[in-house]
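Following: one structure in structure tokens, then a few remarks.
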Amino acid sequence: MTEYIDQSDVDSTLRQAGNDGVRFVNMQFTDIQGHVKSVTLPIGQLEDSLRFGTWFDGSSIQGFARIAESDMFLVPDPATYALVPWEGRDGAVARMICYEYEPDGTPLDTSPRWALRRAMDIAKELGFEFNTGPELEFFLFKRDGEKISPEPHDEGGYFDYSTDAATAVRNDMIDALQAFGITVETSHHEVALGQHEIVFQYSDALTTADNAVTFKYALKAIAQQHDLHATFMPKPLFGINGSGMHTHQSLFSEEGINAFHDADDPVGISSIARHFIAGQLIHARAMCCVLSPLVNSYKRLVPGYEAPVYISWGQRNRSALIRIPRINPAKPQATRIELRCPDGSTNPYLAFAVMLRAGLDGIATEAQLPEEVGESLYEIGPEARAAAGIDSLPGSLDEAIEETEKSDLIKDTLGPALFEPFIDSRKQEWADYKQHVSTWELDRYLATY
């Protein structure tokens with residue numbers, strides 16, 4: 001049988017697991033929605049899994065395979081080995097993120113992680129490495145046992161300290177993340193009641209996607225230890241800010257030079273960066289179904305709550321879809337762009353894949369960047385926006401699905417085997433939503449009609 005990992009990596013992983021006293025290994029991957037799936041191996045099975053893989057039934061994973069095509073196997077990625085800090089009372093438990101394969105040994109074409117690898121390979125052929133850094137906002141809600149209350153844990157606001165009741169909770173979360181090898185840069189209270197943000201270090205897109213998946217389930221686990229619930233739901237409460245996943249991006253050359261930086265440009269960004277931004281603006285409506293995949297996502301993407309609505313770019317303009325953060329002349333390697341429409345419900349592998357391919361398409365076609373927007377787009381009015389040719393993001397999941405279905409670029413990025421079940425899952429979500437009778441409707445109509 002084919003071996004998928006170099007023997008030196010097998011040996012070093014087994015040696016590390018032995019030194020750590022590991023008894024069990026959680027083999028993890030995500031379904032098309034980004035939900036973590038896992039199978040646990042006793043440590044004695046790890047060597048065989050590293051060399052030959054672990055078989056599983058793919059037909060039971062959403063979007064992976066039909067019943068007649070169920071057999072497939074996982075191969076753990078040694079680079080993702082880490083101890084799970086809250087498990088292992090009777091011995092350490094490790095985590096490894098896996099690649100999925102067909103029975104014949106070919107990469108699984110419905111795998112989100114492989115979709116990102118394919119996109120990054122295209123960038124590599126062009127001489128680029130794609131780096132990303134997401135800012136995952138989240139809420140902490142109170143809970144009573146298994147019952148979750150949509151009640152914020154505290155009364156704090158942006159950067160508040162005295163009214164921030166979650167400082168100790170975030171510190172425990174940081175400890176857990178760093179135990180996974182995720183370098184945390186900052187943490188703070190966000191704008192809304194009970195809303196928080198922990199920022200981790202920028203890296204290549206595959207490492208960052210792995211870290212984002214780990215980030216979400218680690219924070220949920222630590223919150224539960226404090227009798228709280230952490231949620232990345234885009235808009236859990238009416239009338240206050242929702243939670244986004246603003247994503248910083250850059251391309252680096254094979255020589256390790258930031259391809260987005262140009263010291264002679266008035267804005268400080270290169271022609272490559274301008275084409276990349278233009279490509280993302282062109283494909284923004286089509287990307288939305290991937291980047292903001294829930295019905296609830298479009299209740300966040302409305303004017304007035306620091307979420308982008310209009311397809312534009314600017315330097316520090318937080319109403320723009322793509323923002324150019326302030327460039328420090330002493331740190332040109334930090335030059336980047338920030339896409340502000342994604343939220344934490346997205347599958348980060350798919351999100352980064354479509355962001356990259358949209359940007360690369362802009363480079364390939366030398367797409368021209370429209371005029372920068374330096375003022376708040378919420379305030380200039382629809383006539384001025386129309387005169388400037390500024391379009392808006394889809395206003396609903398249904399509209400986003402329609403845009404995505406028309407996009408050859410998104411189809412090619414996901415591949416036909418993954419694109420079809422992804423779209424089907426979003427259509428089912430919209431169909432379920434249309435049939436649901438909400439509390440708002442009962443309150444508004446029941447007594448009146």
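Computed from a prediction, not measured in an experiment: that's the story for all the values here.
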Would you check if the side chain of [X] reaches a backbone N or O of [Y] as a donor-acceptor pair within less than 3.5 Å?
X: Lys216; Y: Thr231; answer: no
X: Ser270; Y: Ala259; answer: yes
X: Ser292; Y: Val290; answer: no
X: Thr40; Y: Val25; answer: no

| If you take all heavy atoms of Phe73 and Gly105, which pair is closest and at what distance? | CZ-CA, 4.1 Å
| field | Taking every non-hydrogen atom, the tightest pair across Thr208 and Thr132 | value | OG1-O, 3.0 Å
Who passes side chain to side chain contact (heavy atoms under 4.5 Å, CB included) against [X], sequence neighbours left out?
X: Arg117; value: Tyr99, Trp114, Asp121, Leu206
X: Asp424; value: Glu420
X: Thr335; value: Asn258, Phe260, His261, Ile269, Ile327

| field | Qualifying side-chain hydrogen bond (donor to acceptor under 3.5 Å, both in side chains) pairs with a residue from residues 343-354, counting only residues at least two apart or across chains | value |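 Matches after skipping sequence neighbours: Asp210-Tyr349, Ser297-Asp343, Asp343-Ser345.
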| query | How about Trp313 and Phe276: are their ring centres within less than 6.0 Å of each other? | reply | no
| What pairs with Glu429 under salt bridge (Lys or Arg N to Asp or Glu O under 4.0 Å), at least two apart in sequence or on another chain? | Arg426
Pairing donors with acceptors under 3.5 angstrom, does anything connect the side chains of [X] and [Y]?
X: Tyr217; Y: Gln28; result: yes
X: Glu197; Y: His189; result: no
X: Asn296; Y: Tyr433; result: no

| message | Under 4.0 Å between a side-chain nitrogen and a carboxylate oxygen: does that hold for Asp227 and Lys142? | response |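 Judged by the 4.0 Å cut-off on N to carboxylate O distance, Asp227 and Lys142 do not form a salt bridge.
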| query | Does a side-chain N-to-carboxylate-O contact under 4.0 Å join Arg340 and Glu338? | reply | yes
| message | Counting only heavy atoms from other residues, nucleotides and ligands, does the tally under 6.0 Å from CG of Asn19 exceed 12? | response |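 Yes - once you tally the heavy atoms of other residues, nucleotides and ligands closer than 6.0 Å, there are more than 12.
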| message | Nearest 0.5 angstrom please: Leu50 CG to Asp9 CG, how far? | response |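 Nearest 0.5 Å value for the CG-CG distance: 9.0 Å.
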| task | Give me the ring orientation class for Phe215 and Phe138: parallel if the planes are under 30° apart, tilted from 30 to 60°, perpendicular past 60°. | result | perpendicular
Show me the donor-acceptor pairs within less than 3.5 Å that the side chains of residues 351-359 make with the rest of the protein, sequence neighbours left out.
unit_1: Arg357; atom_1: NH1; unit_2: Asp412; atom_2: OD2; d: 3.2
unit_1: Arg357; atom_1: NH2; unit_2: Asp412; atom_2: OD2; d: 2.8

